[in-house]
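Structure record follows, encoded as structure tokens.
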Amino acid sequence: AQSVAQPEDQVNVAEGNPLTVKCTYSVSGNPYLFWYVQYPNRGLQFLLKYITGDNLVKGSYGFEAEFNKSQTSFHLKKPSALVSDSALYFCAVRFLPKTGGYNKLIFGAGTRLAVHP
Amino acid sequence: EAGVAQSPRYKIIEKRQSVAFWCNPISGHATLYWYQQILGQGPKLLIQFQNNGVVDDSQLPKDRFSAERLKGVDSTLKIQPAKLEDSAVYLCASSLGRREAFFGQGTRLTVV
């Protein structure tokens with residue numbers, strides 16, 4: 001089955017330290033990969049995407065993500081975490097189903113990032 | 001550029017009542033999505049429109065949920081009758097082709 005996995009429910013990091021939020025996927029073909037952030041009582045906000053090209057992509061607020069095709073992973077990273085980065089982060093994958101039809105956009109279960117002062 | 005607009009922001013109804021949510025996507029975005037986000041979970045796709053046609057409604061509980069996108073612009077999602085397990089945030093999103101989707105702020109539904 002096509003799926004997106006975020007293995008950690010929560011990631012805790014001290015302010016100023018680097019952070020990594022993990023994402024792996026299992027879908028057909030060559031997917032488009034996305035990261036979104038959600039603050040309390042808000043919708044999802046787009047952070048960055050990988051479509052093709054350089055495996056390291058840069059996005060909003062100093063975030064970046066590394067695409068690894070062999071490991072089917074797309075981990076979100078930031079060199080120096082801020083308390084204001086504390087939020088819920090979702091990995092998403094857009095792919096074409098093997099059975100045909102239109103492209104689908106599916107999400108992982110989310111990872112709560114807590115940055116402590 | 002205006003974002004995705006949703007209304008209402010909050011709704012409380014009793015079980016077995018009906019409710020409707022409205023979404024106006026970003027101008028020019030042909031693809032419109034409705035997602036259900038239950039507390040502590042990731043968004044689950046309910047229905048996807050391409051212009052005014054449905055391209056995916058495989059996870060829509062069709063016995064109680066319905067959606068339409070007349071004229072290929074704004075959309076309405078309806079639940080009738082509502083159940084307790086329908087309590088969730090309903091998110092509308094739109095996109096241009098296969099690019100990133102942009103989300104509205106969502107409607108938080110509480111069924112009591």
Side-chain angles (χ1 to χ4, degrees), chain A residues 1-10 21 23-25 27 29-52 57 59-60 63 65 74 87-97 99-112, chain B residues 1-10 21 23-26 29-60 88-110:
Chain A
Q2 319 287 338
S3 64
V4 180
Q6 293 182 241
E8 303 151 316
D9 290 337
Q10 179 154 329
V21 182
C23 172
T24 60
Y25 61 91
V27 302
N30 295 311
Y32 290 10
L33 303 164
F34 307 90
W35 274 102
Y36 287 83
V37 60
Q38 186 176 37
Y39 295 99
N41 299 314
R42 304 298 297 272
L44 275 67
Q45 182 177 340
F46 169 72
L47 275 180
L48 50 77
K49 65 184 175 186
Y50 173 84
I51 296 176
T52 187
V57 293
S60 306
F63 283 94
F74 188 55
L88 198 52
Y89 290 81
F90 291 96
C91 180
V93 177
R94 188 188 290 282
F95 65 99
L96 275 171
T99 52
Y102 209 73
N103 67 85
K104 284 180 172 283
L105 179 63
I106 60 174
F107 286 80
T111 298
R112 186 165 300 282
Chain B
E1 177 182 82
V4 177
Q6 286 189 249
S7 66
R9 285 295 312 277
Y10 305 93
F21 312 127
C23 172
N24 190 25
I26 292 173
H29 282 194
T31 310
L32 184 148
Y33 318 78
W34 283 102
Y35 285 87
Q36 180 192 59
Q37 186 180 19
I38 292 173
L39 189 64
Q41 299 181 18
K44 183 183 89 171
L45 180 66
L46 292 176
I47 190 166
Q48 180 176 340
F49 292 92
Q50 179 69 13
N51 295 308
N52 61 348
V54 175
V55 296
D56 187 349
D57 62 357
S58 56
Q59 297 194 85
L60 186 74
V89 175
Y90 291 84
L91 296 165
C92 179
S94 69
S95 71
L96 196 58
R98 296 184 68 185
R99 296 181 186 179
E100 60 274 21
F102 292 91
F103 284 79
Q105 294 199 68
T107 296
R108 182 177 297 277
L109 173 67
T110 303

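Atoms considered below: every heavy atom in the structure, side chains included; atoms not considered: hydrogens, waters and symmetry mates. Convention: sequence-line order gives letters A, B, ...; per-chain numbering from 1.
- No side-chain N or O of Tyr102(A) forms a donor-acceptor pair with one of Gln48(B) less than 3.5 Å apart.
- Neither the backbone nor the side chain of Gln6(B) comes within contact range of chain A; no heavy atom of the residue lies under 4.5 Å from a heavy atom of that chain.
- Of all heavy-atom pairs between Leu105(A) and Ala101(B), the closest is CD2-CB, 3.7 Å.
- A 4.5 Å side-chain heavy-atom check between Gln38(A) and Pro43(B) finds every atom pair outside the cut-off.
- Interface remark: Asn41(A) contributes backbone and side-chain atoms alike to the contact with chain B (heavy atom separation under 4.5 Å).
- Remark: Arg94(A) pairs with Asn103(A), Tyr33(B) by the side chain to side chain donor-acceptor pair (under 3.5 Å) rule, at least two apart or across chains.
- Using a 4.5 Å cut-off between heavy atoms, Gln6(A) does not touch chain B at all.
- Comparing Cys91(A), Ala109(A), Ala92(A), Gly108(A) by how many heavy-atom pairs each has under 4.5 Å with chain B, the most go to Ala109(A).
- Annotation: the span from Gln45(A) atom CD to Gln105(B) atom CD amounts to 10.5 Å, rounded to 0.5 Å.
- Atom CZ of Arg98(B) has more than 12 heavy atoms from other residues, nucleotides or ligands within 6.0 Å.
- For the set Phe46(A), Phe34(A), Tyr32(A), the count of heavy-atom pairs under 4.5 angstrom toward chain B peaks at Tyr32(A).
- With rounding to the nearest 0.5 angstrom, the CG atom of Leu88(A) is 7.0 Å from the CD atom of Gln37(B).
- Ranked by non-hydrogen atom pairs under 4.5 Å with chain A, the options Leu45(B), Val4(B), Asp56(B) are led by Asp56(B).
- With respect to Phe103(B), the ring-ring contact (aromatic ring centres under 6.0 Å, His included) criterion is satisfied by exactly one of Phe107(A), Tyr39(A), Phe90(A): Phe107(A).
- When heavy atoms are compared at a cutoff of 4.5 Å, Thr107(B) does not approach chain A at all.
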